[in-house]
2 protein chains.
Amino acid sequence: MAKKKKTTDAVEILRRRYIKDKKRKASLEAERVNAEVARMIYDLRTGADLTQGELAKLIGTKQSVISRLEDADYKGHSLSMLNRIANALNKKLNISIEK
Amino acid sequence: MAKKKKTTDAVEILRRRYIKDKKRKASLEAERVNAEVARMIYDLRTGADLTQGELAKLIGTKQSVISRLEDADYKGHSLSMLNRIANALNKKLNISIEK
DNA sequence: GACAAATATCACAATATTGCTATAATTATG
DNA sequence: CATAATTATAGCAATATTGTGATATTTGTC
């Protein structure tokens, strides 16, 4: 494939800046949600007066897994896992995309 | 390991029935959430007047992936994918566990 | 009906999440 | 301080999700 042409066009430069900015925002958004979910799990667990080991047993997994889920930097949250936790605590999982 | 003792105790029988019922409920709950999320994605996409192919391009994947996400029976929803969709549509993903 | 556009389905590779065990590190309790 | 209880980390296997391309099916238009 030919080499990409050098950009000298101001509009193109701004467009690329826009794209890059959008990606950065999306990435920050993801981090925000991950941290929020981690905190939510922690709050629910401690609110129910459970240790990580106890919650783990309730949903059929191990303590280390709960610890991982409560790590603010963890990126792997899934709806199925959130559902397992919600059910164990007799609550409901709600998802929405708005605004 | 020794064979599990035969259950003749009424309390034990009821407890097992309770556990089984709880598992069934959890399973139904998961199905409900999955279907809801699938529908939410469909509504957001059509609301934004996008084809599956267009939305796919916006989030950097393929049309078949969007089709899969909109299938009510799909069990693999992840927060990262929901985030990608929310960001592409300039909206925010909200998660809560309540009630 | 013919054709195009959009969606659904399939199969398989690539990647990510979860399960699991062991152990280190931290926190609570006497 | 010693000990137990709890939480954090690490590594790797098992499983699940996503990426991708090819093709079938459906839907809309003329």
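Nothing here was measured: the structure is a model prediction, and the numbers come from that model. Below, chain A is the first sequence line, B the second, and so on; all start at residue 1.
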Enquirer: Charged N to carboxylate O below 4.0 Å: is that the case for A:Asp21 and A:Arg24?
Expert: yes
Enquirer: First and last nucleotide of DNA chain C in contact with chain A, 5' to 3', at under 4.0 Å to a heavy atom: what are they?
Expert: C:dT17 to C:dT21
Enquirer: From CG of B:Leu55 over to P of D:dG19, roughly how many Å is that when rounded to an integer?
Expert: 12 Å
Enquirer: Applying side-chain contact (heavy atoms from CB on, under 4.5 Å) to B:Ile85 and B:Leu58, what does each step give before you reach the verdict?
Expert: CA-CA 8 Å; B:Ile85 293 173; B:Leu58 280 178; over 6 Å; no
Enquirer: Rounded to whole Å, how long is the line connecting atom CD of B:Gln52 with atom P of D:dT26?
Expert: 15 Å
Enquirer: Measuring to OP1 and OP2 of D:dT18, would you say a side-chain N or O of B:Tyr74 lies under 4.0 angstrom away?
Expert: yes
Enquirer: In whole Å, what is the span from the CG atom of B:Leu69 to the C1' atom of D:dT18?
Expert: 9 Å
Enquirer: B:Lys62 NZ to D:dT17 C1': how many Å, rounded?
Expert: 17 Å
Enquirer: Between B:Lys57 and B:Glu54, is there a salt bridge with N-O shorter than 4.0 Å?
Expert: no
Enquirer: Just to be sure I understand the rule, does B:Ser67 reach a base, reach only the sugar-phosphate, or reach nothing, if contact means heavy atoms closer than 4.0 Å?
Expert: base
Enquirer: Kindly indicate whether the side chain of B:Glu36, heavy atoms from C-beta on, has any atom under 4.5 Å from the side chain of B:Arg39.
Expert: no
Enquirer: Less than 4.5 Å apart, side chain to side chain, heavy atoms only: is that true for A:Leu82 and B:Leu79?
Expert: yes
Enquirer: So do A:Leu55 and A:Leu44 actually touch side chain to side chain, heavy atoms under 4.5 Å?
Expert: no
Enquirer: Please tell me if the side chains of B:Ile97 and A:Met40 come closer than 4.5 Å, counting only heavy atoms from C-beta onward.
Expert: yes
Enquirer: If you pin A:Ser64 and B:Leu50 to their nearest nucleotides in DNA chain C, which one's is more 5'?
Expert: B:Leu50
Enquirer: Near DNA chain D, under 4.0 Å by heavy atom, which residues of residues 26-37 of chain A?
Expert: none
Enquirer: Test your reading of the model: is there a side-chain donor-acceptor pair from B:Ser67 to the backbone of B:Gln63, 3.5 Å cut-off?
Expert: no
Enquirer: Any chain of hydrophobic side-chain contacts (each under 4.5 Å) joining B:Tyr42 to B:Val33?
Expert: no
Enquirer: Output the rounded distance in Å from CD (B:Gln63) to C1' (D:dA22).
Expert: 12 Å
